[in-house]
Amino acid sequence: MNTAQREAVINTEGPTLILAGAGSGKTRVLTYRIAYILSQRLATPWQILALTFTNKAAREMQARIENLIGISAKKLQMGTFHSIFSRILRIEAAPLGYNKDFSIYDEEDATNVIKNIIKELNIDEKKYSPKSIKHFISNQKNYLINATTFNAHYLDGREFTEIVGKVFRLYEIRCKEANAMDFDDLLVNMAILLEQNPVLCQKYQNQFKYILVDEYQDTNHAQYRILKRLAAQYQNLCVVGDDAQSIYSFRGATIENILSFQKDYPNAKVFRLEQNYRSTKIIVAAANYLISHNKNRLEKNVFTQNDTGELIKLVIANSEREEADKIVDWLREQKARYGYKNEDFAILYRTNAQSRVIEDSLRNKGIPYRIFGGISFYQRKEVKDLVAYLRLSVNPYDEEALRRVINYPARGIGDKTIEKITLLAQEKQIPFWQALKMAAAVGKGKALVAIQSFIMLIENFQKVGQTTDAYQAVEYIAKNSGILQDLNADATPEGRSRWENVLEVINAAHEFVKNSQNQEPSLANFLNEIALYTDLDKEVKDKNVVTLMTIHASKGLEFTSVFVTGLEENLFPSSQSAKDILSIEEERRLFYVAITRAQKNLCLSYAQNRYRFGKLEPSQPSRFLNEIKQEFIQSSSVDYKENFFHRAPSFNQKEIKKLSPLSNTPKNSFFSAPSSKDTTEPSPTLSAPQASNFPEQLTPGTRVIHAKFGYGVILEVDNNGENAIAQVDFYAKGKKTLLLKYANLQIVQ
DNA sequence: GCAATTGGCGTTTTT
DNA sequence: CGCCAATTGC
């Protein structure tokens, strides 16, 4: 460790701010700090609260700590804000007016609740979309403003505010009736607990002797308030972050938290981790120049002793299709040239939709990849259907789950019946489930029988859920709800895949039961875990694959070679108006995050035309590209400035296609699975093509002598007569695959 | 009550 | 283009 890192580890007491530049070994410091606290016996694992950005990060850190100190760290309170608090809230549910088996509404559930309220209030859905109202309410909650406060103090006479106030109130009521919390509530209720219940507040203040927070720049106001309370007694609050990487303001994160930490804690110790161990000099310099444009930032001087490294590549394509092909060509070239494996690459983009073209290209070339994000496993329809049954079995008041499966599979409870029950629930002001039971007592006719047998089904599931473990319960419910039969009837590939996904949930429950040493393997606990599961928590099984993900999802990760794609104005918009300064700064930070993922190679790309809304539209390169470039060239402190950007030569797609030994593979033969599923590959090897229009003497397969090193065989050639990829036998040094200049090659007869 | 068909409309980023 | 909501037809 360097001096700064060591100091940040051993100064365990009092409020601490660790400003960690990209790639400066922040996770390492955090891990060692916890291990140090434990080894010095300053606290037991149970007294340490460590909040990470993903649950996977927590798991990995835990394993490393155990390795370091050689004892179990299972009791460490480590995980995301949401998962740690959800566990605490289940213990302390009663004073909040909740039952310990509360459901967690995801974004879709929450939006549906609002949609129903909007219908109920006869509000024009076109004018006030459920999503925007949901977002607005969510923002209020992030600032710990509830419906009562909002309606008392925040009405400004605008129609929108008035409507939001009404919806907000009903939304709170509906969630409580359903014994459900949304993501925001997990924070809000934790804050209420601490701020309004002195006894419980004391309890947790006493427990958490040391609190550590990773990625502090992305915390929101509610999280800030919670931390303030929790740390009030011992003051051992250590926050780690980088203001230059704050990119989550859209979900309420406020960079203010990290910027004003020293104001909040005047006696705070501040440590700066400025040495970057991740990237080459070129990449670090580019990142520094980019971020220096921001006005709102904490001074930091990130440097590296790593090699100067390769120039950053800029790929300009005509269309997004071509852009994707060029990226994949570059990727293959790097594989050949440096001997990189698939797992060394990441392809990053701004929006999930952008992955499609790139996927196509990768598939065409037979390169295996894995997508993170997009529709995650537990968001898929069929999975959510099963999970809805599970949720109902634990918490029958869960209205969203109930609405979801009340007539799936079809059992004769149609729209009319549901509408009647909805009205009944509204009239009597009772939960939907109660209204349903009431209807079963007073109704008549065909629908009645259907309702009665549905209630019996769910009550039976509840019994199973309480008396068996998660695995048995999930299997039983999947079979007896009719979901498996329904999906089994669908023989299409998509149908089969859906069926498999349901089996996969059963499998996940099995795994959960096997691995749950720390908690009861109950259905309720299984549900809690999957409610807060994200794609980033996924353990990667097929290791050697290219990673595709959004820039947001890439935070905290690193790759040997990174492609940042789709760098156009319309994806990285620029705006001159002053009010947008802050968002431009965030855009810039986003770009900063993207380029600092790269260790050795960085390739930036954009298309001059892009499909939007089905139309091909011209687009401009992002202003940020110029910002790095111009600043870099103006600087006098580096001597490689002129060559900062290397413009990639253009490949001719037709020729490349001919070259590809796999281009004849029938499409979809291996890859019919949905895009967010794993893909396996036929082995992608570079081999000689059938035909080519290249200069006769340099077609793939030609044996050549390299002027300096040895002899070898050409694997691929580009069409403008400059380069070839060749496998070269070095004299006495073995084989290597290299990109060679035509000019340096001699043909072997 | 339910499946099939048409018409309208929009895209950041996520715990 | 692709997804969803509303509408039609059985």
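Chain letters run A, B, ... following the sequence lines, proteins first, then strands; residues in each count from 1. Just so it is clear, the values below take in all heavy atoms, side chains as well, and ignore hydrogens, waters and symmetry mates. Bear in mind the structure is a predicted one, so any value in this text is a computation, not a measurement.
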Original post:
Near DNA chain B, which residues from residues 212-227 of chain A have a heavy atom under 4.0 Å away?
Top reply: none
**OP:** Grab the OH-P distance between A:Tyr248 and B:dT14 for me, whole Å please.
**Re:** 6 Å
Subject >> Protein-nucleotide distance (A:Phe250, atom CZ; B:dT13, atom P), rounded to Å >> reply: 8 Å
**OP:** Provide the distance between the two P atoms, one in B:dT13 and one in C:dC4, to the nearest whole Å.
**Re:** 15 Å
Below 3.5 Å is the cut-off: list the nitrogen or oxygen pairs between protein and nucleotides 4-10 of chain C, distance only.
from  : atom 1 : to       : atom 2 : distance (Å)
C:dA5 : OP1    : A:Lys115 : NZ     : 3.2

Subject >> For A:Ser361 against A:Ala324, the heavy-atom pair lying closest together >> reply: OG-C, 3.5 Å
**OP:** Mind checking side-chain contact (heavy atoms from CB on, under 4.5 Å) for A:Lys131 and listing every partner two or more places apart, or none if nothing turns up?
**Re:** A:Thr111, A:Ser129
**OP:** With sequence neighbours excluded, give me every side chain to side chain donor-acceptor pair (under 3.5 Å) pair touching residues 250-259 of chain A.
**Re:** A:Thr219-A:Asn257
Original post:
Does A:Tyr378 have any ring pair (Phe, Tyr, Trp, His ring centres under 6.0 Å) partners at least two apart in sequence or in another chain, and if so, which?
Top reply: A:Tyr533
Original post:
Roughly, in whole Å, what's the span from CD1 in A:Ile247 to P in B:dT15?
Top reply: 12 Å
**OP:** For A:His221, enumerate each residue passing the ring pair (Phe, Tyr, Trp, His ring centres under 6.0 Å) test, keeping only those at least two apart in sequence or located in another chain.
**Re:** A:Tyr143, A:Tyr224
**OP:** Using the test salt bridge (charged side-chain N to carboxylate O under 4.0 Å, His left out), find all partners of A:Glu92 that sit at least two apart in sequence or belong to another chain.
**Re:** A:Lys203
Between the protein and nucleotides 1-7 of chain B, are there any N/O to N/O pairs under 3.5 Å, and if so, what are the atom names and distances?
from  : atom 1 : to       : atom 2 : distance (Å)
B:dG1 : OP1    : A:Thr417 : OG1    : 2.9
B:dC2 : OP1    : A:Gly412 : N      : 3.1
B:dC2 : OP2    : A:Asn407 : ND2    : 2.6

Subject >> Pair A:Asn112-A:Tyr105, side-chain donor/acceptor within less than 3.5 Å >> reply: no
**OP:** Look at the side-chain N and O atoms of A:Thr550 and state whether any lies under 4.0 Å from the OP1 or OP2 oxygen of B:dT14.
**Re:** yes
Subject >> Pairing residues for A:Ala317 by the side-chain contact (heavy atoms from CB on, under 4.5 Å) criterion, not counting sequence neighbours >> reply: A:Glu322, A:Glu323, A:Lys326
Original post:
Between A:Phe53 (CZ) and B:dT13 (C1'), how many Å, whole number?
Top reply: 10 Å
Subject >> Donor-acceptor pair present, A:Arg251 side chain and B:dT15 base, under 3.5 Å >> reply: no
Subject >> Set of residues satisfying salt bridge (charged side-chain N to carboxylate O under 4.0 Å, His left out) with respect to A:Asp101, sequence neighbours excluded >> reply: none
Original post:
Expressed in angstrom and rounded to an integer, what is the separation of A:Met181 atom CE from B:dT15 atom C1'?
Top reply: 15 Å
Original post:
Expressed in angstrom and rounded to an integer, what is the separation of A:Asn352 atom CG from C:dC3 atom P?
Top reply: 14 Å
Original post:
Which whole-number value in Å describes the distance from A:Arg356 CZ to C:dG2 C1'?
Top reply: 8 Å
Original post:
With sequence neighbours excluded, what pairs up with A:Asn55 under the side-chain contact (heavy atoms from CB on, under 4.5 Å) test?
Top reply: A:Thr80, A:Ser83, A:Asp537
Original post:
Quick one: side-chain contact (heavy atoms from CB on, under 4.5 Å) partners of A:Asn116, sequence neighbours excluded?
Top reply: A:Glu400, A:Arg403
**OP:** In whole angstrom, give the distance that lies between atom CD1 of A:Ile551 and atom C1' of B:dT14.
**Re:** 15 Å
